[in-house]
Amino acid sequence: MKTSQYMNIIQKNDGSMILHNALFGSVMRITDPELQKLAKELKEREDSYSLHFDLEKMQEFYDDLAAQNMIVEDHINEINMINNRFRELGVQRSRNIGIVMIPTRNCNFRCPYCYEEHVNKNMDDQTYEKALNFLSKAIEEKKCENVGVSWFGGEPMLAYEKVIAFMEKLKEQHPEVKLHGQMTTNGYLLTKERLQTLIDHDVTMYQITVDGMADVHDQTRFLAGGAGSWDTIIENLRDAKKLEADFKITIRTNLSHELMKAPDAWFTFLKENFGDDHRFEYHCESIKDLGGDDQTLVYEEQKHGDPMEVVLALSKKYGLTLNNYATYLKPFSMMCYAANPNTFVVDYDGSIEKCTVALDLDLNKVGHLTEQGASFDLNKFAWWTDYDNREECKKCAIYPLCYGRKCPHAYFHAESCQSMLALYNGVIRTLY
């Protein structure tokens with residue numbers, strides 16, 4: 001027997017220890033100090049036979065470790081198992097296609113931490129038709145069963161009528177496929193009537209950012225003219241509750257130093273206003289340096305600590321369903337959409353890209369729409385999807401979760417991996 005390469009030890013503040021296997025998804029909680037010591041020794045050694053197991057006292061623990069795949073047979077090749085699972089995932093994904101549409105680079109907000117330059121550049125009718133043609137051909141060639149269409153920007157609600165027309169035409173051309181429409185919007189223009197129309201056209205999933213209560217939110221998410229946006233967004237969200245339609249709205253909060261000084265008020269508000277509606281979920285991210293003009297808003301975890309443990313604990317306290325975090329513990333759950341060869345970003349000018357953060361990076365422009373469908377630069381495309389993983393990646397404690405593809409653009413930046421490991425540890429500590 002040998003210790004699984006992906007058995008991880010997370011120490012909790014209450015003195016207990018959590019063992020989690022990132023490949024098999026198994027979890028063990030250990031409170032006995034002697035067994036905790038043995039688990040640490042297991043992690044430090046490759047061969048579990050070199051450890052002393054008292055048959056009377058520890059055989060049960062040894063059997064539990066084996067049952068949970070914390071220790072595995074010597075012949076088990078865990079890298080091969082990960083590769084096999086990834087191949088199976090590829091087969092599954094081959095029948096699905098995802099397209100991120102950027103109908104405009106313009107936005108009615110001027111958020112100081114935003115990395116985009118908001119200019120009045122909009123997708124013309126010819127480009128919409130080319131995008132529809134490209135997607136239609138891909139559906140037919142791949143015999144797709146599921147099609148995801150995500151609307152991004154800029155602010156996609158500025159192109160509301162175009163969104164409706166595109167979704168309507170796509171449904172008419174391919175009534176046999178299951179459409180999964182999603183929109184990332186600031187929510188300011190998303191009235192109840194417009195939301196219902198979008199839902200009727202298969203756009204049923206939304207991410208809307210609200211950065212806390214009005215006094216905090218309006219400092220970071222204000223209109224181009226400088227006016228606050230909180231009142232209108234909250235009114236639209238409350239109106240959405242009145243609909244009987246089936247939808248999912250994720251309320252995203254970008255964590256600032258100001259919000260984290262007293263986060264209970266915001267989580268109490270969410271609980272009292274939306275906690276009784278299962279259609280609302282919640283997602284939190286610390287403000288990061290993605291190229292925005294105001295770097296003073298970036299949350300420095302080295303100075304202020306990891307906010308995610310606080311957020312996860314608060315969500316548990318108030319009974320709020322946080323989006324994504326529990327799923328981060330499943331194999332390949334931390335992979336970036338840009339690494340998926342069946343996911344494409346179509347910019348307003350017909351450029352085909354892989355990443356919505358590195359929009360204007362030359363390496364990100366992997367192709368362009370044509371009258372016949374699309375033309376690709378295979379060298380650039382493969383840079384995002386088919387690179388070899390480094391040996392240090394394969395030895396990483398959570399390699400099965402990201403497969404070295406957390407973010408192809410950040411692949412050579414160690415800080416990206418460190419933040420992901422911190423998130424992993426925070427989720428484990430909070431859930432278990």
Side-chain angles (χ1 to χ4, degrees), residues 90 93-107 115-156 158-159 162-163 165-167 169-171 173-174 177 179-184 203 290-291 335-387 405-411:
R93 281 180 166 180
S94 67
R95 292 295 180 89
N96 303 332
I97 189 169
I99 186 170
V100 181
M101 295 285 291
I102 302 180
T104 180
R105 289 288 192 94
N106 201 3
C107 186
Y115 59 88
E116 291 188 47
E117 180 186 1
H118 295 309
V119 289
N120 193 26
K121 294 180 178 178
N122 305 295
M123 187 175 290
D124 59 31
D125 290 341
Q126 186 179 17
T127 304
Y128 278 108
E129 288 300 322
K130 286 181 180 178
L132 191 63
N133 183 43
F134 164 67
L135 187 54
S136 183
K137 286 189 174 183
I139 291 171
E140 293 170 359
E141 290 173 1
K142 298 175 182 293
K143 297 181 172 58
C144 292
E145 299 171 352
N146 294 279
V147 176
V149 183
S150 297
W151 295 93
F152 195 70
E155 171 49 47
L158 294 175
K162 301 290 186 181
V163 172
F166 186 92
M167 296 300 292
K169 289 179 181 179
L170 182 59
K171 188 67 173 179
Q173 292 181 14
H174 296 280
V177 303
L179 286 182
H180 306 271
Q182 189 270 346
M183 181 179 286
T184 300
V203 184
L290 297 177
M335 280 181 55
C336 177
Y337 64 87
N340 183 350
N342 285 338
T343 298
F344 309 89
V345 178
V346 175
D347 210 345
Y348 74 96
D349 60 356
S351 298
I352 299 178
E353 301 161 359
K354 290 298 293 176
C355 174
T356 57
V357 175
L359 281 176
D360 295 314
L361 182 72
D362 180 67
L363 194 59
N364 191 34
K365 297 186 181 300
V366 300
H368 61 273
L369 298 174
T370 68
E371 297 293 343
Q372 293 73 37
S375 175
F376 288 98
D377 182 324
L378 295 183
N379 179 58
K380 289 182 179 179
F381 192 89
W383 189 89
W384 291 91
T385 60
D386 297 295
Y387 52 84
R405 283 159 166 73
K406 189 269 178 184
C407 173
H409 183 46
Y411 185 66

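Values below: every heavy atom of this structure, side chains too, minus hydrogens, waters and symmetry copies.
Side-chain atoms of N106 do not come within 3.5 Å of backbone N or O of H118 as any donor-acceptor pair. Side chain of N96 to main chain of E145: no donor-acceptor pair is present (N/O by atom type, distance under 3.5 Å, no hydrogens or angles). Between the side chain of T104 and the backbone N or O of K121 there is at least one donor-acceptor pair closer than 3.5 Å. Panel note: side chain D347, backbone E353; no donor-acceptor pair is recorded below 3.5 Å.
M183 is listed as a side-chain neighbour of P156, based on a closest heavy-atom distance under 4.5 Å. Side-chain contact between F344 and V100 is absent, with no heavy-atom pair separated by less than 4.5 Å. Here the side chains of K130 and E371 are in contact, with some heavy-atom distance below 4.5 Å. Between V147 and H180 the shortest side-chain heavy-atom distance does not fall below 4.5 Å.
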*Apply side chain to side chain donor-acceptor pair (under 3.5 Å) to D349 and S351, showing your working.*
CA-CA 6 Å; D349 60 356; S351 298; 3.0 Å; yes
*Mind running side-chain contact (heavy atoms from CB on, under 4.5 Å) on M101 and V149 for me, showing each step along the way?*
CA-CA 7 Å; M101 295 285 291; V149 183; 4.2 Å; yes
_Could you walk me through whether E129 and K169 satisfy the side-chain contact (heavy atoms from CB on, under 4.5 Å) test, starting with their C-alpha distance in whole Å, then the side-chain angles of each, then the deciding distance to 0.1 Å, before giving a yes or no?_
CA-CA 10 Å; E129 288 300 322; K169 289 179 181 179; 2.7 Å; yes
*D362/N364 under side chain to side chain donor-acceptor pair (under 3.5 Å): CA gap, chis, key distance, verdict*: CA-CA 5 Å; D362 180 67; N364 191 34; over 6 Å; no
_Using the rule given for side-chain contact (heavy atoms from CB on, under 4.5 Å), can you reason through I102 versus L359, listing the C-alpha separation, both sets of side-chain angles and the distance that settles it, and then say yes or no?_
CA-CA 10 Å; I102 302 180; L359 281 176; 3.6 Å; yes
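With sequence neighbours left out, the side chain to side chain contact (heavy atoms under 4.5 Å, CB included) criterion links H174 to S136, I139, E140, L170, E176, V177. Looking at residues two or more places apart in sequence or on another chain, you find no ring-ring contact (aromatic ring centres under 6.0 Å, His included) involving F152.
With rounding to the nearest 0.5 angstrom, the CG atom of D124 is 10.5 Å from the OH atom of Y348. Going from atom NE2 of H368 over to atom CG of D377 covers 10.5 Å, rounded to the nearest 0.5 Å. In this structure, Q372 CD and T370 OG1 are separated by 4.5 Å, a value rounded to the nearest 0.5 Å. The CD1 atom of I97 sits 14.0 Å away from atom NZ of K143, with the distance rounded to the nearest 0.5 Å. In this structure, the separation between OG1 on T356 and CD on E116 is 8.0 Å, given to the nearest 0.5 Å. Residue L132 holds its CG atom at 12.0 Å from NZ of K137, rounded to the nearest 0.5 Å.
In this structure, R405 fails the cation-pi test against Y337, since its NZ or CZ atom is not both closer than 6.0 Å to the six-membered ring centre and inside 45 degrees of the ring normal.
The two residues K354 and A338 have their closest heavy-atom pair at CE-O, 2.8 Å. When all heavy atoms of A159 and P103 are compared, the closest pair comes out as CB-CB, 3.7 Å. Nearest heavy-atom pair, A374 versus I352, reported as atom, atom and distance to 0.1 Å: CB-CD1, 3.6 Å. The two atoms that bring L369 and A131 nearest to each other are CD1-N, 3.6 Å, heavy atoms only.
Using cut-offs of 30° and 60° for the angle between ring planes, the F376 and F381 rings count as perpendicular. Taking the six-membered ring for Trp and thresholds of 30 and 60 degrees, F166 and W151 have ring planes more than 60 degrees apart, a perpendicular arrangement.
When each of N340, V366, T343 is paired with W384, the side chain to side chain contact (heavy atoms under 4.5 Å, CB included) condition holds for V366 and for no other.
A side-chain donor-acceptor contact under 3.5 Å links N342 and K142.
A salt bridge links D360 with R105: at least one charged nitrogen is closer than 4.0 Å to a carboxylate oxygen.
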